[in-house]
4 protein chains.
Amino acid sequence: MQALMEHRSPGRPRCEETRNAILRAAYELLEEGGLDAFTIEAVAERSGAAKTTIYRWWPNRGALAIESFLELSEKYAQFPQTGSAIADLKTQMRRFARALRGRIGQIVSSILAEAQSCPETRTAFAEGYINPRRAALQQVIDRGVAQGEFRAGLPLNDVGDALYGSLLLRVLLRHAPLSDAAVDQLVDTAVQGLRAA
Amino acid sequence: MQALMEHRSPGRPRCEETRNAILRAAYELLEEGGLDAFTIEAVAERSGAAKTTIYRWWPNRGALAIESFLELSEKYAQFPQTGSAIADLKTQMRRFARALRGRIGQIVSSILAEAQSCPETRTAFAEGYINPRRAALQQVIDRGVAQGEFRAGLPLNDVGDALYGSLLLRVLLRHAPLSDAAVDQLVDTAVQGLRAA
Amino acid sequence: MQALMEHRSPGRPRCEETRNAILRAAYELLEEGGLDAFTIEAVAERSGAAKTTIYRWWPNRGALAIESFLELSEKYAQFPQTGSAIADLKTQMRRFARALRGRIGQIVSSILAEAQSCPETRTAFAEGYINPRRAALQQVIDRGVAQGEFRAGLPLNDVGDALYGSLLLRVLLRHAPLSDAAVDQLVDTAVQGLRAA
Amino acid sequence: MQALMEHRSPGRPRCEETRNAILRAAYELLEEGGLDAFTIEAVAERSGAAKTTIYRWWPNRGALAIESFLELSEKYAQFPQTGSAIADLKTQMRRFARALRGRIGQIVSSILAEAQSCPETRTAFAEGYINPRRAALQQVIDRGVAQGEFRAGLPLNDVGDALYGSLLLRVLLRHAPLSDAAVDQLVDTAVQGLRAA
DNA sequence: CGCTAAACGAGACGGTACGTCGAGTCTTACT
DNA sequence: AGTAAGACTCGACGTACCGTCTCGTTTAGCG
């Protein structure tokens, strides 16, 4: 059925191989040298594609950066499901922090930087990367509430920003560690809140 | 002692007027157009100083950016002191958010971006801008604990990162508002924590 | 014989309409904007043909330029035949100059320019455009000699180069006019020569 | 006096070495490969100068081409002075032709080509290169007239165009030789004119 | 009062990357 | 097989800033 209806547009079709080579080169450069190394010219050279080809498909650095990141970075934005919502929260945050400690951290910080002078990159990152994580967080929160671990009526935005904001701030400023222990403590603090018992 | 003996080095002394003109121009450009508009060349032109002069005193963009910011931005990193620590917290966070909503937000996001490819800028921002706020936060926390509003043993890093990280993330991604109400709610969430009563 | 038997080669025959559209577009572009406007890409767009099609039939810019010119430019490379050879010479030179003053001049100068980096274009122009004129010139010279107006033994090359070279040089450098009067005078000078009576 | 008044403009003075390197590189490229090889990029690479520097001083290819040519090409636009004006004419035309047969011919044809899409180059070439030759020609004509070899009232423009136009046309089209003998014959034809004795 | 030394303006310089244009080649679907 | 469409590589374009440099000028304190 579908085969009958699909009217391929005329002309030489886009070369998927080239597209992938470009995305891979972009990703590698981002993870190797961050924003500075991530040059359209460098991407072109490494991927073997012509600059023209890159500009045909991506309007600017940011667009390519974010797309290569979203396409190539592992995406376990999925909280585990064990008995304890708090434990799941910690596990997932540890995973995230572990990623941020490594190559991913470099890339994320580069993209965040780039996003500051390119609104499209900003929204693409927010929606393509943060939102899925926020959605997954919502589920674990719901589970926690259902199980009586968390109080009802938790505002997703606030919880998400507190948790992800903490981690990302540490990536950006490197003023505090992202170790497993540090993450656990951070989650604990968030869970317990500030107020006295 | 040293002050009395200070043997002014020979030669023409540094021109304070020029220094200020440069810092002011830098600040203005940052607040007007962010990272993109903030060019050494543009700073030179607007300030009337020669590029050479700028490079004589600042090693790179980041250094100038952060110095102009720290010198010219208003610095009420001081929590008010009313009866309630929570209220003080909210008030101060509102102030901060209000600043971030305006020109300062533009500059902060630019500096954070720049910091990603310049470690010196990163530490300068962390220490010159975030740390004072963190220190002030410590005081209000202490007061809160003393008054019985907050529980004892609150880790400053975690609380600070959660609060400031939330706000800064919203500056960086613009995915959620920085309105007074939003800030209040954010503080409330942090104060109450996630756990069920 | 062959014509009768001509076994049309297999496959779709060449589309004359397309060929003409291409030549016309090429010619127009040449006369409108000269060398700069004459782009294969522009020809393709204006003619509605694909670049591929153009490259199938013409090896390069120059070939298309010269062919469109030779095919579409009016070709009165025929000297008139009145009583006086000198008068005929003037008439014909005036005609040529008149053409060169207008659109044709633009095209000719473009082709001459293009010819400097493409030998094929050079010989094509020399043989396809200049040679016919030279041949016609030979006839009027012969007639002039027969009528006793011109001396015998005139070297065609030299006369032709002097006359056509003068006009073309004025097209190329625009340092002197191509008006009828100027052309007449130019012919007179050539006819009389330099030597004293 | 002048020395006292000359107020050097401020800033780093223009580097003559660089200027010369650029002009020399440009000239070499022109004489080696003509228009095609003459690329701003190639000039930059060969001269060791930055592209920026070239663009700072010359607005386009043509300007650089013509300047390098006028500055570096030998300029014996001076007719010899022997007894016979005709002989002098031949000698000088032979010299010119000899130059055109070699490297200079390549350059001249390239500049003429470039001039077709750049009016400034056109006038620069006409005035800087052709005019001096025309002026020198005027002198030999005057001498010829005074000596009774040439008739009075010879129009410089026409004579010059006929002679130089012939030679340049042969450079552009390569349809006829530029040998000494050919040049002599060309001059003879011009001197004698077409008309019968 | 003149000398020394640094600061300062101006602006040239070698670079790197930008984003664009056109050339000429190719792959595909349609006719 | 011819054609339109359009993706591809490649090379050069002209521009913007970078950070460095070389000037002549200015502004102090010291001898």
Side-chain angles (χ1 to χ4, degrees), chain A residues 7-19 36 38-44 48-57 59-61, chain B residues 7-19 36 38-45 47-57 59-61, chain C residues 8-15 17-19 36 38-44 47-61, chain D residues 7-19 36 38-45 47-57 59-61:
Chain A
H7 248 283
R8 278 246 271 108
S9 74
R12 177 173 172 176
R14 178 168 184 185
C15 175
E16 279 306 312
E17 233 173 299
T18 296
R19 176 171 179 272
D36 295 342
F38 183 66
T39 296
I40 296 290
E41 214 123 276
V43 173
K51 263 201 301 177
T52 328
T53 303
I54 299 178
Y55 280 112
R56 199 193 325 279
W57 300 108
N60 50 51
R61 255 176 26 145
Chain B
H7 252 283
R8 278 247 270 106
S9 70
R12 175 174 174 179
R14 178 168 184 184
C15 174
E16 278 308 311
E17 231 173 302
T18 296
R19 176 172 178 273
D36 295 341
F38 182 66
T39 299
I40 296 290
E41 216 124 89
V43 173
E45 188 180 11
S47 68
K51 269 202 297 176
T52 327
T53 305
I54 300 179
Y55 279 112
R56 199 188 328 275
W57 302 108
N60 50 50
R61 254 175 31 142
Chain C
R8 280 243 272 104
S9 67
R12 177 172 170 181
R14 176 166 185 186
C15 174
E17 232 174 300
T18 296
R19 176 171 178 274
D36 295 342
F38 181 67
T39 301
I40 295 290
E41 219 126 86
V43 173
S47 68
K51 269 204 297 177
T52 328
T53 305
I54 300 178
Y55 278 112
R56 198 193 321 281
W57 302 108
W58 293 274
N60 50 49
R61 254 175 30 141
Chain D
H7 249 284
R8 275 245 271 110
S9 73
R12 177 173 173 177
R14 176 168 186 184
C15 174
E16 279 306 312
E17 232 173 299
T18 295
R19 177 172 177 272
D36 295 341
F38 184 68
T39 297
I40 296 289
E41 213 123 277
V43 173
E45 188 180 12
S47 68
K51 263 202 302 177
T52 328
T53 304
I54 299 180
Y55 280 112
R56 200 192 325 278
W57 300 108
N60 51 51
R61 255 179 22 146

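Letters A, B, ... mirror the listed sequences (proteins, then strands); counts begin at 1.
Looking at A:R61, its side chain never comes within 3.5 Å of a backbone N or O of A:T39 through a donor-acceptor pair.
Within the 4.0 Å cut-off from OP1 or OP2 of F:dT3, at least one side-chain nitrogen or oxygen of C:W57 is found.
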Within the sub-3.5 Å range, which N or O atoms of nucleotides 2-5 of chain E have a protein N or O partner, and how far apart are they?
none

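Partners of D:E17 according to the salt bridge (Lys or Arg N to Asp or Glu O under 4.0 Å) rule, which considers only residues two or more places apart in sequence or in another chain, do not exist here. Residues that satisfy the side chain to side chain contact (heavy atoms under 4.5 Å, CB included) test with A:R56, not counting sequence neighbours, are A:T53. Checked against salt bridge (Lys or Arg N to Asp or Glu O under 4.0 Å), A:E41 has the following partners two or more places apart in sequence or in another chain: A:K51. For A:R19, the salt bridge (Lys or Arg N to Asp or Glu O under 4.0 Å) partners are A:E16, A:E67, A:E71, not counting sequence neighbours.
Atom CH2 of C:W58 and atom P of E:dT25 are 16 Å apart (whole Å). Taking atom CD1 on B:I54 and atom P on F:dC17, their separation rounds to 13 Å, with Å as the unit. A straight line from CZ of B:R19 to C1' of E:dC8 spans 16 Å, rounded to a whole angstrom. Summarising the geometry, the separation between CD on B:E45 and P on E:dA10 is reported as 11 Å, rounded to the nearest angstrom. Remark: P of E:dT31 and CD of C:E17 are 17 Å apart, rounded to the nearest angstrom.
At a threshold of 4.0 angstrom between heavy atoms, the contacts of D:A44 with the nucleic acid are absent.
Nearest-nucleotide positions on DNA chain F for C:T53 and A:R14 put C:T53 closer to the 5' end.
Side-chain proximity of B:T18 to the nucleotides F:dT9, E:dG9, F:dG2 is greatest for E:dG9.
With a 4.5 Å cut-off on side-chain heavy atoms, C:W58 and C:I40 do not count as touching.
D:T18 and D:A49 get closest at one heavy-atom pair: CG2-CB, 4.0 Å.
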Could you run down nucleotides 18-24 of chain E 5' to 3' and tag each one B, S or - for protein heavy-atom contact under 4.0 Å? BBBBBBB

